[in-house]
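Here is the structure we will look at.
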Protein chains: 2
Amino acid sequence: MKRTNIADVAQKAGVSPTAVSFAFNKPEQLNSETVNRIRMTAIEMGYMPNPMARALIAQRSGIIGVMLPQPLSTVLANPYFHTFLQGISSMCDEQALSLMTLSPMNGSLDQAIARSPVDGFIIVGYNEAHHEVSLLRKRGIQYVLVDGDATCAPSVNIDDEQGAYLAAKYLVDKGHRDILILMLDTAFGHTDEELHGVAMRRMRGYRRAFDEVSVVWRNEWVLPSVSSMIGGQQNFDAAYEQGLRPTALLGAADAIAIGAIQAAIRRGMKVPEDLEIIGYDDSVLASLVQPGLSTVHQPIFEKGRVALELLIGEWESAAARVTDASTKQVWLPTHLVLRGTTT
Amino acid sequence: MKRTNIADVAQKAGVSPTAVSFAFNKPEQLNSETVNRIRMTAIEMGYMPNPMARALIAQRSGIIGVMLPQPLSTVLANPYFHTFLQGISSMCDEQALSLMTLSPMNGSLDQAIARSPVDGFIIVGYNEAHHEVSLLRKRGIQYVLVDGDATCAPSVNIDDEQGAYLAAKYLVDKGHRDILILMLDTAFGHTDEELHGVAMRRMRGYRRAFDEVSVVWRNEWVLPSVSSMIGGQQNFDAAYEQGLRPTALLGAADAIAIGAIQAAIRRGMKVPEDLEIIGYDDSVLASLVQPGLSTVHQPIFEKGRVALELLIGEWESAAARVTDASTKQVWLPTHLVLRGTTT
DNA sequence: GATATAATCTAAAAGGTTTTACTAAATAGA
DNA sequence: TCTATTTAGTAAAACCTTTTAGATTATATC
């Protein structure tokens, strides 16, 4: 019933627990004959060191936690996160780290954080002001923010504002004036203010392009949408039923834009002839849908890798007892990718 | 630098470490005034119990490990796993458990397993004979197999054979004789024999339908493909260049079938007029592509939930010291879903 | 033959919590 | 007033490993 531990192996091999530990971790401290005997005994008994005990003493578990802004089921439905997690995990492979995902669960991230034996967090979609994040800071647990504003910790962001600007600019320059904007809903709610960095930046980018050529910004043409195809569909339909007849559409996420394409086609519109569409993210789906989605490219995969690199950097500077006042804020570039949903 | 521990809090609050522990876990053992004082002090000092120490003594971490058959980057590109993980995580939410994914890393799953502080594993796509799995069994770590043959542990599988049979039957009954089969490559390689349960079952199902109406089974019409759209594309092209001119196609995974659709359309074929296609899985993509993919439905989400349910059942029977000789082997049903790629 | 060094191995501490068993003080019961 | 019970708190063991410092024996040096 009980799992075999180091003492069991030691007893059977006729040595001390220390010797068993050495046999695995510092074999040069032991007679090679003894090492072999101990290893044999261990294999025979199916012994593996208890990872919790090991992590407890080493003060590190080799696990990094990824804190996600939405329940895992929502996140997994979003191609943006697939690529992002791929980026992190490719780095994990190289560094022999394991990955653990944390999502708001039963409304309580706190609990999940409290019982996570991780060496640090990559936090996606929260600002530093967020309650959970400030808790980590107080506790002295290292973290890196992604898609969120930071000053006390390293962060990775993209140039959301510029990307959005490029997309909107492209459309207004072509003469469009009735542009429907399906914005991330995180820009609206007032309950979770901390989430809103990315959405606000994209909104500002769109707005800047409008202002530059004096296109009127009408709030009723900006709809909040959840980041999913369903969200895009529903909001396009809602806009249409309110009497809006856009000639172009800006989707603040690819999933939203793709949903909108489908809704538009279903209403008999032709894309891009009747409706030009530009999304955001350049997720894998963008090049797969028909017609291919024009969108703002961001280096999602790289974002994940850089985030983990920064976290590892934090560990190293902590180990070297360097208090780097200059925490690294990384900004990755964005650019416009034109495919079939624009002419 | 050092994280505040229970002793620090105890000292500052003028009580013993035991009292601090009680303040959080068994407040009724303490004067409520004392409880408040301790809790205040803890919050003030940013104290959280060390999860490793806690897990060490509790002999459980509240984390379940999901062992995947491919690197995480591959898995995340596969919609089948999205839905499957969603199923597990919905159950995790309900049970206040955390989720940790393990993938073959640097060729060594062993290492990752060894340092994973998990209460049990959900193992996807491996048979019981697999080296890592037998290691777990020997070690006495609980696990549940998904998409793999089991006798010593609980398992969740679908009726792969019947689903495949239904798909093939539909096509042969309509008179097709030149049917290209893009099979999971796991059915072929001889190095990783343990992986092949699912693929072999699907192959047998296809074959049974062929045999039933005496359609000749030609091995050169069966191609191994990786489970991705790229894989489907490449293999359809390869078949075409070998001179094969199928009138119908069976894809052993939706991703493969979708890739094949695209390759066929690119060659000027009309789907379903020139080529009828049936996939496998009924992943979310199946209903999104144009034309909608006819496919074999399996309850992927439920599969994830059931897997975790079984694992929890294992914990309970272990706690009750019940050695259930009758380990549960769950078989979920499959059925055919017809959409636009069949007439 | 005595001493210095190297080779093997072990005892004990440390890591941070929870839990069990126990003490001391206060209250209740008679 | 004395005993029984409750209340409030603590000391120490347990969880399992790694690591440090030390012990014992064998080997090399002079």
Side-chain angles (χ1 to χ4, degrees), chain A residues 1-39 41-42 45-62 111 113-119 139-141, chain B residues 1-39 41-42 45-63 111 114-119 139-141:
Chain A
M1 211 81 231
K2 205 172 129 288
R3 277 196 327 225
T4 57
N5 63 18
I6 202 171
D8 300 332
V9 177
Q11 190 177 12
K12 187 148 185 184
V15 291
S16 72
T18 310
V20 178
S21 177
F22 281 159
F24 288 103
N25 304 316
K26 294 183 183 168
E28 69 277 7
Q29 299 264 355
L30 256 46
N31 187 323
S32 63
E33 204 175 278
T34 319
V35 170
N36 283 336
R37 181 161 44 91
I38 294 175
R39 284 189 178 163
T41 319
M45 300 177 78
Y47 169 72
M48 278 187 202
N50 181 316
M52 291 132 188
R54 194 196 264 260
L56 179 56
I57 187 137
Q59 299 285 69
R60 85 184 276 286
S61 62
Q111 279 209 338
I113 291 173
R115 69 148 182 275
S116 299
V118 300
D119 295 340
R139 181 79 221 270
I141 298 173
Chain B
M1 210 81 229
K2 204 172 130 289
R3 286 213 298 240
T4 55
N5 63 19
I6 202 170
D8 300 332
V9 178
Q11 190 177 12
K12 186 147 186 183
V15 292
S16 70
T18 310
V20 178
S21 177
F22 282 159
F24 287 103
N25 305 315
K26 292 182 183 168
E28 69 278 6
Q29 299 263 354
L30 256 45
N31 187 323
S32 63
E33 204 174 278
T34 318
V35 170
N36 284 336
R37 182 162 42 91
I38 294 175
R39 284 189 180 165
T41 320
M45 300 179 76
Y47 169 73
M48 278 188 200
N50 180 314
M52 292 137 189
R54 195 196 264 261
L56 179 58
I57 187 138
Q59 300 283 71
R60 84 185 278 285
S61 62
I63 303 173
Q111 277 210 339
R115 67 147 185 275
S116 299
V118 300
D119 295 341
R139 181 82 222 271
I141 298 173

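All chains are named by letter (A, B, ...) in the order of the sequence lines, taking the proteins before the strands, and each is independently numbered beginning at 1.
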Between [atom2] on [N] and [atom1] on [X], what's the gap in Å once rounded to a whole number?
X       : N      : atom1 : atom2 : result
A:Asn50 : D:dT17 : CG    : C1'   : 8 Å
B:Glu33 : D:dT7  : CD    : P     : 16 Å
B:Asn36 : D:dA8  : CG    : P     : 13 Å
A:Gln11 : D:dT17 : CD    : P     : 14 Å
B:Leu56 : C:dG15 : CG    : C1'   : 9 Å
B:Glu28 : C:dT18 : CD    : P     : 14 Å
A:Gln59 : D:dC16 : CD    : P     : 19 Å
A:Gln29 : D:dA21 : CD    : P     : 13 Å

Is a side-chain donor or acceptor of [X] paired with a backbone partner of [Y] at a separation under 3.5 angstrom?
X       : Y        : answer
B:Asn36 : B:Glu33  : no
B:Thr34 : B:Leu30  : no
A:Ser61 : A:Pro117 : yes

Select one nucleotide: of [options], the one nearest the side-chain heavy atoms of [X].
X       : options                : answer
A:Asn31 : C:dC9, C:dT18, C:dA14  : C:dC9
A:Ile6  : C:dT18, D:dA12, D:dT18 : D:dT18
A:Ala53 : C:dG16, D:dT17, C:dT10 : D:dT17
B:Asn5  : C:dG16, C:dT20, C:dA14 : C:dG16

Donor-acceptor pair (no angle test) under 3.5 Å: B:Thr34 side chain, D:dA8 base: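 Counting by modelled atom types and ignoring angles, no donor-acceptor contact under 3.5 Å is found here.
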Donor-acceptor pair under 3.5 Å, A:Ser16 side chain vs C:dA11 base: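 Looking at the base of C:dA11, it does not pair with any donor or acceptor on the side chain of A:Ser16 (distance under 3.5 Å).
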Residue whose closest nucleotide on DNA chain D lies nearer the 5' end, B:Phe22 versus A:Met48: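 Whichever sits nearer the 5' end wins; that is B:Phe22.
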More than 12 heavy atoms of other groups within 6.0 Å of A:Glu28 CD: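 Yes, the 6.0 Å shell around CD holds more than 12 heavy atoms from other groups.
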Separation of A:Arg3 CZ from B:Arg139 CZ (nearest 0.5 Å):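 B:Arg139 CZ to A:Arg3 CZ: 5.0 Å, rounded to 0.5 Å.
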Phosphate OP1/OP2 of D:dC16 contacted by A:Tyr47 side-chain N/O (<4.0 Å):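 For D:dC16, OP1/OP2 do not have a side-chain N/O of A:Tyr47 under 4.0 Å.
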Phosphate OP1/OP2 of C:dT18 contacted by B:Arg54 side-chain N/O (<4.0 Å):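 Affirmative; the distance criterion is met.
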Touch class at under 4.0 angstrom, heavy-atom based, for B:Phe24 against every strand present: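 Nothing, no heavy atom under 4.0 Å.
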